[in-house]
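What follows is a single structure, written as structure tokens, with notes after it.
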Number of protein chains: 2
Amino acid sequence: MVSQVRRFNRIVTQRVGALEDRFLARDHSLGEARMLWEIGPEGRDVRSLRTGLGLDSGYVSRLLRSLEAARLVTVGASDTDKRIRNVRLTAAGSVERAVLDDRAERRAESLLAPLTPVQRVRLVAAMADVERLMTAAMVEMAPIDPSDPRAQYCLRSYIRELNLRFESGWDPSRSISAAEAELRPPSGIFLLASLHGNPIGCGAIKFHGEEPAEIKRMWVSDSARGLGIGRRLLNDLEAQGAAHGTSTFRLETNRALQEAINLYRSSGYVEVAPFNDEPYAHHWFEKRIAGPAK
Amino acid sequence: MVSQVRRFNRIVTQRVGALEDRFLARDHSLGEARMLWEIGPEGRDVRSLRTGLGLDSGYVSRLLRSLEAARLVTVGASDTDKRIRNVRLTAAGSVERAVLDDRAERRAESLLAPLTPVQRVRLVAAMADVERLMTAAMVEMAPIDPSDPRAQYCLRSYIRELNLRFESGWDPSRSISAAEAELRPPSGIFLLASLHGNPIGCGAIKFHGEEPAEIKRMWVSDSARGLGIGRRLLNDLEAQGAAHGTSTFRLETNRALQEAINLYRSSGYVEVAPFNDEPYAHHWFEKRIAGPAK
DNA sequence: GAATTTCTCTGACTATAGTCAGAGAATGGA
DNA sequence: TCCATTCTCTGACTATAGTCAGAGAAATTC
């Protein structure tokens with residue numbers, strides 16, 4: 001498997017890497033072209049360019065001066081905070097960006113051009129698979145404090161979604177509690193899934209001493225469905241729980257969340273009699289896992 | 001389709017491009033690392049390094065001096081031609097190369113690591129597809145003179161293969177002629193398929209004035225089977241023939257070449273009564289194509 | 001045997017893509 | 001109000017990855 005990955009890397013850097021970057025730039029240096037691209041039609045502030053491209057502030061500044069000298073962008077102070085500077089494309093800058101875009105388009109076409117129609121369809125399908133799975137591989141999971149803004153964002157999204165999907169809406173106060181303090185060590189664990197630093201999913205454990213631990217707040221962003229994030233969150237939560245000495249997990253869920261129910265079933269959760277009086281639940285699940293490795 | 005290709009390019013350069021190159025080098029510059037890699041355990045002459053990596057001779061020379069200074073390679077004159085210099089890895093150089101190899105291996109593993117087993121299998125399969133089809137897309141087809149060494153290589157390979165696969169072997173002199181002069185404009189056309197400059201397939205046309213043209217010498221290297229090269233050669237030959245005013249093509253083939261027979265059938269060739277007395281043929285095919293575009 | 005070509009090397013340059021250390025202006029918190 | 005912090009900018013540097021023009025030695029061609 002690994003050797004296939006390496007062969008893939010070789011071929012793809014030959015064809016995509018070499019062409020994509022260098023070829024697109026041409027009239028500008030690669031750095032300028034990337035910057036022009038990243039600024040986008042709406043304009044952007046310098047700070048977000050810096051973090052977005054991962055460049056040194058001095059370097060970004062210099063690139064902007066050179067784009068400014070070429071009359072491709074204008075840089076002005078932001079209205080709200082005069083330390084922050086805002087970059088916008090000039091008319092010429094927009095044209096230039098369109099040219100870059102057009103080149104990328106042609107590059108992509110030229111990659112498909114030599115193939116037969118059947119091969120094209122197969123290649124594009126395989127590319128979609130690779131893209132999806134590589135994106136999945138870039139998702140990072142890490143425990144964070146439930147008061148962290150990223151955790152809060154996930155929890156708000158979770159509430160919004162449940163409220164939308166449950167037939168009767170969802171009122172967290174009528175439901176069994178999962179307050180911040182309950183999801184923070186040592187009472188619990190809050191796990192965040194993020195892609196490029198942006199939160200895209202979460203899951204939590206609420207420990208009950210010797211009693212089975214509860215899985216709570218499992219949520220995956222719409223934009224990240226189908227990447228297996230839910231399964232990985234569940235796996236990681238179980239592993240964390242196991243490290244904490246827990247060998248039995250419980251959870252309850254609403255019949256509206258069919259994909260979650262499928263996930264639990266296929267992850268080894270077995271439906272059991274109701275073990276609590278959660279008003280929004282239709283299904284109660286339990287799973288025993290092997291104890292922590294010797 | 002094109003937008004999928006572009007999304008693929010973006011993701012893949014992010015993940016493969018950025019990591020692969022820079023990450024591997026570490027102790028050396030990227031140029032040195034690439035060179036170390038390309039030299040290989042067997043050693044190589046400077047010339048092939050230069051063409052293989054596509055670098056300026058001065059630059060290659062400088063890189064070699066720096067590797068030599070680090071005692072990773074030795075450079076000595078070739079036995080047969082004292083202008084040519086031979087590069088070999090020292091013991092330390094081999095160790096260093098193994099370290100690079102190991103890093104590439106780990107990189108590849110780390111790409112798979114976050115995925116579930118099912119996802120890994122899917123990703124690797126999709127990568128194999130992409131690799132195969134991108135390789136196919138890199139194959140170039142161009143008419144060349146049949147006396148060109150690359151054409152000669154293909155023709156020799158063709159003869160060897162037919163001799164091997166025909167039940168009774170193959171003696172070109174008993175077969176209908178397809179001499180160099182017959183496959184060269186204006187009498188004919190010889191089309192070469194090459195990958196990275198190396199010949200991997202060929203096909204030819206022998207014109208007969210107003211009479212149907214003959215397709216001859218269709219061959220694809222073992223190493224390039226399954227890439228659709230045969231079909232593209234045939235397509236291109238027909239297009240060339242059409243541009244030359246030919247609208248009917250004929251060919252005959254031996255029953256041992258089943259994959260070729262399938263190719264002809266699925267490309268619109270219809271089996272017809274024998275139109276010549278080729279002693280090695282079991283099937284005769286014909287195809288009429290639309291005239292050249294208005 | 002002379003002229004030409006091939007192969008590698010050196011020296012002198014260049015552009016790109018940075019990094020690092022401050023400085024100055026604006027903002028936010030105590 | 002003052003102090004620390006944030007944000008951007010400039011100046012001074014560096015490493016990498018080249019390019020280009022020739023020179024010298026060996027081989028090939030005429």
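These numbers come from a predicted model, not from an experiment. Proteins come first, then strands; the chains are lettered A, B, ... in the order of their sequence lines, and each starts at number 1.
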[Y] backbone acceptor or donor facing [X] side chain under 3.5 Å:
{"X": "Arg88(B)", "Y": "Thr74(B)", "result": "no"}
{"X": "Glu180(B)", "Y": "Gln152(B)", "result": "no"}
{"X": "Ser187(B)", "Y": "Leu183(B)", "result": "no"}

Less than 3.5 Å apart, any donor N or O on the side chain of Ser66(A) or Glu32(A) sitting next to an acceptor on the other? yes

Within the structure shown, what part of the strands sits under 4.0 Å from Leu63(A) by heavy-atom distance: base, sugar-phosphate, or nothing? nothing

Quick one: [X] [atom1] to [N] [atom2], roughly how many Å, whole number?
{"X": "His28(B)", "N": "dA15(D)", "atom1": "NE2", "atom2": "C1'", "result": "16 Å"}
{"X": "Leu30(A)", "N": "dA15(C)", "atom1": "CG", "atom2": "C1'", "result": "13 Å"}
{"X": "Leu53(B)", "N": "dG18(D)", "atom1": "CG", "atom2": "C1'", "result": "14 Å"}
{"X": "Arg34(A)", "N": "dT16(C)", "atom1": "CZ", "atom2": "P", "result": "14 Å"}

Tell me, please, which residues at least two apart from Glu109(A) pass side-chain hydrogen bond (donor to acceptor under 3.5 Å, both in side chains).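 So Glu109(A) forms no side-chain hydrogen bond (donor to acceptor under 3.5 Å, both in side chains) with any residue.
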
Qualifying side chain to side chain donor-acceptor pair (under 3.5 Å) pairs with a residue from residues 54-64 of chain B, counting only residues at least two apart or across chains: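 The answer is Ser61(B)-Arg65(B).
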
Close N/O contacts between protein and nucleotides 7-12 of chain C (under 3.5 Å):
residue	atom	partner	partner atom	Å
dC7(C)	OP1	Arg47(B)	NE	3.2
dC7(C)	OP2	Arg47(B)	NE	3.1
dC7(C)	OP2	Arg47(B)	NH2	3.4
dT8(C)	OP1	Arg47(B)	N	3.3
dT8(C)	OP1	Arg85(B)	N	3.4
dT8(C)	OP2	Arg47(B)	N	3.4
dT8(C)	OP2	Arg50(B)	NH1	2.9
dT8(C)	OP2	Arg50(B)	NH2	3.2
dC9(C)	OP1	Arg65(B)	NH2	3.2
dC9(C)	OP1	Arg85(B)	NH1	2.4
dC9(C)	O5'	Ser61(B)	OG	3.3
dC9(C)	O5'	Arg65(B)	NH1	3.4
dC9(C)	N4	Ser57(B)	OG	3.1
dG11(C)	N7	Arg62(B)	NH1	3.4
dG11(C)	O6	Arg62(B)	NH2	2.7
dA12(C)	N6	Arg62(B)	NH2	3.4

Strictly below 4.0 Å: does Ser29(B) bring a side-chain N or O up to OP1 or OP2 of dA17(D)? yes

